[in-house]
2 protein chains.
Amino acid sequence: MAAEGKRNTRQRDVIVDIFFERGVDGHLSLQELLDLVQEVEPGVGFATVYRTMKLLTDAEVAHERRFVEGQTRYELADFGEHHDHLICTRCGHILEFEDPTIERRQREIASDLGVRITHHRHEIYGVCVDLDACNRRLESASA
Amino acid sequence: MAAEGKRNTRQRDVIVDIFFERGVDGHLSLQELLDLVQEVEPGVGFATVYRTMKLLTDAEVAHERRFVEGQTRYELADFGEHHDHLICTRCGHILEFEDPTIERRQREIASDLGVRITHHRHEIYGVCVDLDACNRRLESASA
DNA sequence: GTTCCTGCAAAAAGTTTGCACCTTA
DNA sequence: TAAGGTGCAAACTTTTTGCAGGAAC
């Protein structure tokens with residue numbers, strides 16, 4: 001796993017394990033990740049989590065996401081696949097979507113405007129239609 | 001213009017004038033705006049530009065954009081209209097686009113996933129196909 | 001025994017805010 | 001002259017880095 005020129009340490013094991021455990025739709029902030037790590041391995045520093053996530057990001061194993069200002073979250077990359085996000089600004093729930101029609105139009109637009117696409121960022125923000133579910137998530141988040 | 005409960009000062013005049021002068025595709029950072037303002041009116045502080053842009057943003061006259069980490073840029077709102085952005089990561093050139101097909105798919109997707117859209121963020125990143133033009137912009141930016 | 005990693009604490013970078021003084025209406 | 005606005009500098013927030021001690025190979 002981390003055997004790509006990098007050393008295998010106890011801290012990294014725990015960090016990577018916890019991060020992977022969450023899967024593709026676990027969008028964790030550094031602080032949340034640190035808190036989880038410290039439950040297992042107290043004493044781990046913020047800087048170690050930061051540097052480990054940077055390694056994963058550089059290796060394209062994780063993606064940095066910033067849905068909210070001043071808060072970077074990390075998501076496990078889903079190899080080969082690609083998806084965009086739909087975020088409820090009320091409860092913070094994050095849904096994922098993938099749409100070939102939009103992808104195609106993007107390529108056409110970029111081509112028309114004379115740009116070769118490297119990547120994109122497409123986020124839709126809104127509020128859950130199911131307010132009960134939204135409220136439940138809101139409460140469990142603040143609990 | 002600024003006659004919406006707010007006072008009309010020399011500083012605000014200059015800041016707003018310069019900001020409007022740039023039009024919809026003038027994507028200025030606070031620092032760039034401050035530099036331009038100080039050419040006309042030395043002594044204006046960063047905080048004043050900051051607070052003025054915040055007023056404009058709250059009044060929906062300006063939009064805050066963050067294409068690059070740790071750098072907020074302000075864009076004049078184009079009333080009624082809506083557009084998204086295509087950014088060259090090499091020279092920083094910002095193009096705008098608007099696509100009904102994408103907008104429609106967005107609404108369908110959000111509806112399917114049970115979310116009522118409030119706004120969205122769609123940015124395409126890439127590199128200019130016309131490298132000569134890209135290089136010229138790169139040079140003039142560092143000059 | 002090197003080389004790399006960790007934890008701490010300090011540095012950066014950008015954004016906000018408190019406060020005393022100055023302007024506007 | 002009362003309500004607001006300005007400029008300065010300090011406070012904040014989040015991310016990044018230097019360094020001395022400690023692990024991994």
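To find a chain, count down the sequence lines: A is the first, B the second, and so on, and within it residues start at 1. What you are looking at is a predicted structure, and each value in this text was computed from that prediction instead of being measured.
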Any side-chain heavy-atom pair of A/E108 and B/D99 under 4.5 Å: no

Between C/dT15 (P) and B/E69 (CD): distance, integer Å: 11 Å

Length of the CD-P vector between B/Q71 and C/dT15, whole Å: 8 Å

Atom pair distance, as rounded to whole Å: CG in B/D58 and P in C/dT15: 16 Å

Short side-chain donor-acceptor distance under 3.5 Å, B/D84 and A/H122: no

Strictly under 3.5 Å: I want the nitrogen or oxygen pairs between protein and nucleotides 6-9 of chain C, one per line.
residue: C/dT6; atom: OP1; partner: A/T9; partner atom: OG1; Å: 2.8
residue: C/dT6; atom: O3'; partner: A/Q11; partner atom: NE2; Å: 2.9
residue: C/dG7; atom: OP1; partner: A/Q11; partner atom: NE2; Å: 3.4
residue: C/dG7; atom: OP1; partner: A/G43; partner atom: O; Å: 3.3
residue: C/dG7; atom: OP2; partner: A/G45; partner atom: N; Å: 3.1
residue: C/dG7; atom: OP2; partner: A/T48; partner atom: OG1; Å: 2.4
residue: C/dG7; atom: N7; partner: A/R51; partner atom: NH2; Å: 3.1
residue: C/dG7; atom: O6; partner: A/R51; partner atom: NH2; Å: 2.8

Atom-to-atom span, CG of B/L30 to P of C/dT17 - whole angstrom: 14 Å

B/Y50 and B/F46 aromatic ring geometry - parallel, tilted or perpendicular at 30°/60° bounds: parallel

Under 4.0 angstrom between A/Y50 side-chain N/O and D/dT16 OP1 or OP2: yes

Any donor-acceptor N or O pair under 3.5 Å, side chains B/H82, B/H120: yes

Phosphate-side-chain proximity, B/T72 and C/dT15, N/O vs OP1/OP2 below 4.0 Å: yes

Atom pair distance, as rounded to whole Å: NZ in A/K54 and C1' in D/dT16: 8 Å

B/L34 CG - C/dT16 P separation (whole Å): 16 Å

Between P of D/dT6 and CG of B/N8, the distance in whole Å: 10 Å

Of the listed nucleotides D/dT15, C/dT23, C/dT15, the one nearest the side chain of B/R7: C/dT23

Length of the CZ-C1' vector between B/R66 and D/dT13, whole Å: 11 Å

Side chain to side chain contact (heavy atoms under 4.5 Å, CB included) assessment of B/V68 paired with B/R73: CA-CA 9 Å; B/V68 178; B/R73 287 180 172 278; over 6 Å; no

Criterion side chain to side chain contact (heavy atoms under 4.5 Å, CB included) on B/R22 and B/L36, from CA distance to verdict: CA-CA 11 Å; B/R22 293 315 186 94; B/L36 291 170; 3.4 Å; yes

Candidate pair B/H27 and B/E75, rule side-chain hydrogen bond (donor to acceptor under 3.5 Å, both in side chains), full reasoning: CA-CA 5 Å; B/H27 299 84; B/E75 163 185 276; 2.5 Å; yes

